[in-house]
Enquirer: 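Shown below is the structure under consideration.
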Amino acid sequence: MITFKNVKKIYETNDQSIAALNGVDLEIRKGEIFGVIGFSGAGKSSLLRCVNLLERPTSGSVTVDGQDLTTLSAKQLREAKQHIGMIFQHFNLLDSNTVFANVAKPLVLKGVKKDEVERRVTELLEFVDLADKADHYPDQLSGGQKQRVGIARALATQPSVLLCDEATSALDPQTTQHILRLLKQINQEYGITILLITHEMGVIREICDRVAVIEAGQLIESGTVFDVFSNPQTATAKNFVRSVMQDEIPASVQKVIDQRDAGHHIYKINFLGAGTGQPLLSQVAKRFDVDLNILHGSITELQNIPFGSLLVELIGDAAEIKRALQYIDQSDVIVEEVLADAS
Amino acid sequence: MLVNYTDIWTAFLQTLTMVGLSLLFSTLIGLPLGILLVVTRKGALLEQIPFFNVLSGIVNIFRSVPFIILLVAIIPLTRLIVGSSIGTQAAIVPLVFYAAPYIARLIESSLLEVDTGVLEAAEAMGATPLQTIFRFLLPEAFSSLVLNLTIATIGLIGASAMAGAIGGGGLGDLAITYGYQRFDTTVMIITVGILVILVQGLQTTGNLLARKIRRH
């Protein structure tokens, strides 16, 4: 649906050039929700803006629905943009216009007839549950309501793609959940492909099918949300995952780990999907002459697949522990040793 | 008192005529100039940097000439346009030359206040440059435009007093010729009093209007 081919975006300042995007290749499939996560300045905003040419790539190509926008005339480009909706972190509504007029704006620009505009806007406001606010002005609305107006406006021209620029970053957690549910609903009911950028891993976990991690203008890691969350490869991805998975070792447990003698071994066992259903630990205890001490653990759900990690201390003879670990390694889990001060 | 109330009334009407007409013409000139100053600058909608630099320079040149000098300097042009170089009508020409660049700058600053995010939304929607100006930029700046035009109007009242120098008439002229030069304190107090009320009234109306537009 959206294809990036070796996209570069380079900003020339006085005496240096900064690469906001440094060779991005990305394929976003029709009907999926794709998230790009990165710290500020990583290039995610440039990446999103290259899709509807709010920023023009310095080189490379971006195609949307099989159409390379960079080759279009100004008029064709304006038409193409009507098939790409966009919502923003700060909503970007017209304060001088009512909710109704804001949602109607893209239709009015397109020259749609008045009664058709009326019908369509009423329908959209009902969809985002703001029918009673049609005559209100944006400054009379809460942040969540403003974003819903933004969403209704973005959907007005029935786009096939929706770009979300940090759409929930200015909202409180509860409102964020509402907006994310609404985006999911839009994706499922209308089959609109969603590309979102965010710095909040919670947003990715909540609604994305696939995710890419961007750093210094390059995609350093990508995959299904489950894969990236359960087995992040890069330090940045690990950082993001840690920010929401609460697999951080609590201070009290860390203290216990730090105080252990060298002979003690603590392991983190990550259970992936099917692994969660196995009685792995009890089997280890039965088969090997080791004691198991569970220090900490949490189980959560990712894309409807259970996912969790346990912090376990293995007590016993070194050789026996080694054998136990080999056994654990063979099952459907990922195990790694946790060392003192290695949090 | 050396003048009667009819003279004061006539002067009042002359002031209103000078200020009203010069405001009208200078807004007609200043508004498009202000818009051009905003949309042609670097990184803007219709970036035209050389054009912007020239336009901005011309505006600055007119802004730096003291009004009293402008008043006499453009007398030939005034004669060409209104057929005479003295009188209320003749005063309108230099007033427009004085106020139009000023209004252009005021409008520029109002338009620059508009949230760039709104303009980005316009671009994302596929708005044409004209649609962006008339359906996004101007409506969003409207309240601030009203306030800035109020400031321009009050500036014009002040400038119109000097138009007495070319026989423009008006309250300012009355205050100078009778109140100041002939020591007629009563005329001075009455004319200045009327001007104070006029300015107060204008500012209050401008504020109310701007608030009404903003709060709807």
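Reminder, nothing fancy here: chain letters follow the sequence lines and each chain counts from 1. What you see below is based on every heavy atom in this structure, not just the backbone, and it leaves out hydrogens, waters and symmetry mates.
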Enquirer: Write down the atom of Arg78(A), the atom of Pro129(B), and the distance for their closest heavy-atom approach.
Expert: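 Looks like NH1-CD, 4.2 Å.
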Enquirer: More than 12 foreign heavy atoms under 6.0 Å from CZ of Phe127(A): is that the case here?
Expert: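 More than 12 within 6.0 Å, yes.
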Enquirer: Is the number of heavy atoms from other residues, nucleotides or ligands under 6.0 Å of Gln89(B) CD greater than 12?
Expert: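 No.
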Enquirer: With a sphere of 6.0 Å drawn around CD1 of Ile86(B), does it hold more than 12 non-hydrogen atoms of other residues, nucleotides or ligands?
Expert: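 No, the 6.0 Å shell around CD1 holds no more than 12 heavy atoms from other groups.
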Enquirer: With rounding to the nearest 0.5 Å, note down the distance linking CD in Glu123(B) to CG in Asn92(A).
Expert: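 The CD atom of Glu123(B) sits 12.0 Å away from the CG atom of Asn92(A).
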Enquirer: Just checking Arg105(B): does its CZ atom have more than 12 heavy atoms from other residues, nucleotides or ligands closer to it than 6.0 angstrom?
Expert: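 Atom CZ in Arg105(B) is packed in, count exceeds 12.
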Enquirer: Please state whether the side chain, the backbone, both or neither of Thr116(B) comes within less than 4.5 Å of a heavy atom of chain A.
Expert: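 Nothing of Thr116(B), per the 4.5 Å heavy-atom cut-off to chain A.
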Enquirer: For the residue pair Val118(B) and Leu93(A), what are the closest heavy atoms and their distance?
Expert: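 For Val118(B) and Leu93(A), the tightest heavy-atom pair comes out as CG2-O, 3.5 Å.
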Enquirer: With a 6.0 Å cut-off (strictly less than), is the heavy-atom count around NZ of Lys184(A), excluding the residue itself, greater than 12?
Expert: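 More than 12 within 6.0 Å, yes.
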Enquirer: Go through the atoms of Ile84(A) and report whether side chain, backbone, both or neither lie under 4.5 Å from a heavy atom of chain B.
Expert: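 Just its backbone gets close to chain B.
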Enquirer: Using a cut-off of under 4.5 Å for heavy-atom pairs, which of Leu94(A), Asn52(A), Leu163(A) has the most such pairs with chain B?
Expert: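 Going by pairs under 4.5 Å, I would pick Leu94(A).
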Enquirer: Taking all non-hydrogen atoms of both residues, which atom of Ala127(B) and which atom of Leu109(A) are closest, and how far apart?
Expert: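 It is CB-CD1, 3.6 Å.
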Enquirer: Above 12 or not: heavy atoms from other molecules or residues under 6.0 Å from CZ of Phe142(B)?
Expert: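 Counting other residues, nucleotides and ligands, CZ of Phe142(B) stays at 12 neighbours or fewer.
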Enquirer: For the CG atom of Asp115(B) and the NE2 atom of His90(A), what is their distance to the nearest 0.5 Å?
Expert: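 Interatomic distance, Asp115(B) CG to His90(A) NE2, rounded to 0.5 Å: 9.0 Å.
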Enquirer: With a sphere of 6.0 Å drawn around CD of Gln48(B), does it hold more than 12 non-hydrogen atoms of other residues, nucleotides or ligands?
Expert: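 Open: at most 12 neighbouring heavy atoms sit under 6.0 Å from CD of Gln48(B).
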Enquirer: Would a distance-only check, ignoring hydrogens and angles, find a side-chain to backbone donor-acceptor pair under 3.5 Å from Gln82(A) to Met125(B)?
Expert: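 No, Gln82(A) side chain to Met125(B) backbone: no donor-acceptor pair under 3.5 Å.
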Enquirer: Please look at Phe136(B) and chain A and tell me whether the side chain, the backbone, both or neither of the residue comes under 4.5 angstrom of a heavy atom of that chain.
Expert: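 For Phe136(B), backbone and side chain are both near chain A.
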